[in-house]
Amino acid sequence: MMRINDKGFTLLEAIIAFALLGIVSLMLIGFINAGSNSYRRVSSEVNLQFENQITMSQLREYFIDCNGGICTEGDRVYVINKTAADQVDVNVFALTDEKLMYGRKEGLDDDDDPPEAEHIMADYVTHFEVRPITGTDKVITVDIYLTTENNGKSYAAKQTVAPRNDVIKYDDYAGAVAALLAEE
């Protein structure tokens with residue numbers, strides 16, 4: 001009589017088991033990698049939208065609270081306010097090297113230079129435009145256009161804002177400051 005040894009696996013059984021384990025492991029790694037790539041892509045898109053919406057919200061507040069004038073000169077937008085002490089404060093926004101830049105100057109005189117946009121307000125901005133919509137002589141609404149782009153993804157937004165106060169659209173910065181300082 002022949003005796004069969006039942007103790008352990010044969011070499012063929014072990015090779016098949018390792019092969020199946022390798023195939024299952026590769027499939028699992030593929031699923032994890034696909035999920036990770038999907039998360040990274042969606043996270044990048046959400047961050048882009050979030051940055052756009054935060055920037056748009058900040059801009060909206062400047063235009064809503066404006067009580068003097070709005071002036072667009074080239075790639076710069078000036079939001080000019082008159083203070084209770086009959087001074088003029090100016091906020092400036094400009095698109096430079098895919099960055100929306102911001103600057104502020106308080107207590108201006110007629111002969112003061114305009115403020116420089118030296119602080120970064122937002123990154124990855126490829127388009128920034130402000131269109132004051134005027135009625136007879138006052139600004140009724142302001143259309144703000146902002147496009148952000150990163151890693152091949154783009155997010156564009158438009159917002160229409162109605163200032164709370166009477167605001168005048170000026171064609172040049174110096175004329176706007178002079179006119180507001182002359183008001184009593």
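The figures here come from the full heavy-atom set of this structure, side chains too, leaving out hydrogens, waters and symmetry mates. Bear in mind the structure is a predicted one, so any value in this text is a computation, not a measurement.
For the atom pair CG (L181) and CD1 (I80), the distance works out to 10.0 Å, reported to the nearest 0.5 Å. Interatomic distance, T96 OG1 to F128 CZ, rounded to the nearest 0.5 Å: 11.0 Å. Taking OG1 of T147 as the start and CD of E98 as the end, the distance is 11.0 Å to the nearest 0.5 Å. A distance of 7.5 Å separates CD in Q159 from OG in S57, rounded to the nearest 0.5 Å. The distance from the OH atom of Y155 to the CG atom of N52 is 6.0 Å, given to the nearest 0.5 Å. Between the CD atom in Q58 and the CE atom in M121 there is a gap of 4.0 Å [rounded to 0.5 Å].
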Legend entry - Steps toward side chain to side chain contact (heavy atoms under 4.5 Å, CB included) verdict (T55, L100): CA-CA 9 Å; T55 304; L100 182 60; 3.7 Å; yes
Inset, instruction - Determine, stepwise, if the pair I70 / F63 fulfils side chain to side chain contact (heavy atoms under 4.5 Å, CB included). - result: CA-CA 8 Å; I70 296 171; F63 289 103; 3.7 Å; yes
Inset, instruction - Go through the steps to decide whether L59 and I144 satisfy the test side chain to side chain contact (heavy atoms under 4.5 Å, CB included), and finish with yes or no. - result: CA-CA 8 Å; L59 288 167; I144 307 168; 4.0 Å; yes
Inset, instruction - Output, in order, the C-alpha distance, side-chain angles, deciding distance and verdict of side chain to side chain contact (heavy atoms under 4.5 Å, CB included) for V139 and I133. - result: CA-CA 6 Å; V139 173; I133 310 300; over 6 Å; no
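Other residues, nucleotides and ligands contribute over 12 non-hydrogen atoms within 6.0 Å of the OH atom of Y145.
With side-chain heavy atoms closer than 4.5 Å counting as contact, directly or through intermediates, the hydrophobic cluster containing V46 also holds V42.
Both L20 and L12 are members of a single hydrophobic cluster when ILVMFWY side chains are connected at heavy-atom separations under 4.5 Å. In terms of hydrophobic clustering, with Ile, Leu, Val, Met, Phe, Trp and Tyr side chains grouped at heavy-atom distances under 4.5 Å, Y78 and L180 are assigned to a common cluster. Side-chain heavy atoms closer than 4.5 Å link hydrophobic residues (I, L, V, M, F, W, Y) into clusters, and following such links, even through other members, never connects I120 to V77.
Not a single donor-acceptor pair under 3.5 Å links the side chain of D75 to the backbone N or O of A94. Without hydrogens or angle criteria, E73 side chain to Y173 main chain gives a donor-acceptor distance under 3.5 Å.
For the pair V92/E116, no side-chain contact is recorded, criterion being any heavy-atom separation below 4.5 Å from C-beta on. With contacts defined as side-chain heavy-atom distances shorter than 4.5 Å, the pair N91/N81 qualifies.
Under the side-chain hydrogen bond (donor to acceptor under 3.5 Å, both in side chains) criterion, the residue pairs touching residues 160-172 are D65-R164, D143-T160, K169-D171, with sequence neighbours excluded. Listed by first then second residue, pairs satisfying salt bridge (charged side-chain N to carboxylate O under 4.0 Å, His left out) with a partner in residues 153-163 read E45-K153, not counting sequence neighbours.
Taking all atoms of both residues into account, the shortest heavy-atom contact from A157 to M56 is O-CE, 3.5 Å. Contact detail for P115 and K105: the closest heavy-atom pair is CB-CB, 3.6 Å. Listed here is the closest heavy atom pair of V125 and T148: CG2-CG2, 4.0 Å. Heavy-atom minimum distance, L48 versus E149: CD1-N, 3.9 Å. Pairing each heavy atom of P163 with each of V167, the nearest pair is CB-CG2, 3.7 Å.
In this view, S25 and L21 satisfy the side chain to side chain contact (heavy atoms under 4.5 Å, CB included) rule, not counting sequence neighbours. Residues satisfying the side-chain hydrogen bond (donor to acceptor under 3.5 Å, both in side chains) test with N37, not counting sequence neighbours, are R40. Remark: D123 pairs with K99 by the salt bridge (Lys or Arg N to Asp or Glu O under 4.0 Å) rule, at least two apart or across chains. Qualifying salt bridge (Lys or Arg N to Asp or Glu O under 4.0 Å) partners for R60, counting only residues two or more places apart in sequence or in other chains: none. Shown here are the side-chain hydrogen bond (donor to acceptor under 3.5 Å, both in side chains) partners of H127, two or more places apart in sequence or in another chain: E129. Residues that satisfy the salt bridge (Lys or Arg N to Asp or Glu O under 4.0 Å) test with E106, not counting sequence neighbours, are R104. Judged as a ring pair (Phe, Tyr, Trp, His ring centres under 6.0 Å), and not counting sequence neighbours, the contacts of Y102 are Y62, F93. When the side chain to side chain contact (heavy atoms under 4.5 Å, CB included) test is applied to I15, the partners found at least two apart in sequence or on another chain are L11. K138 pairs by the salt bridge (Lys or Arg N to Asp or Glu O under 4.0 Å) definition with nothing, not counting sequence neighbours.
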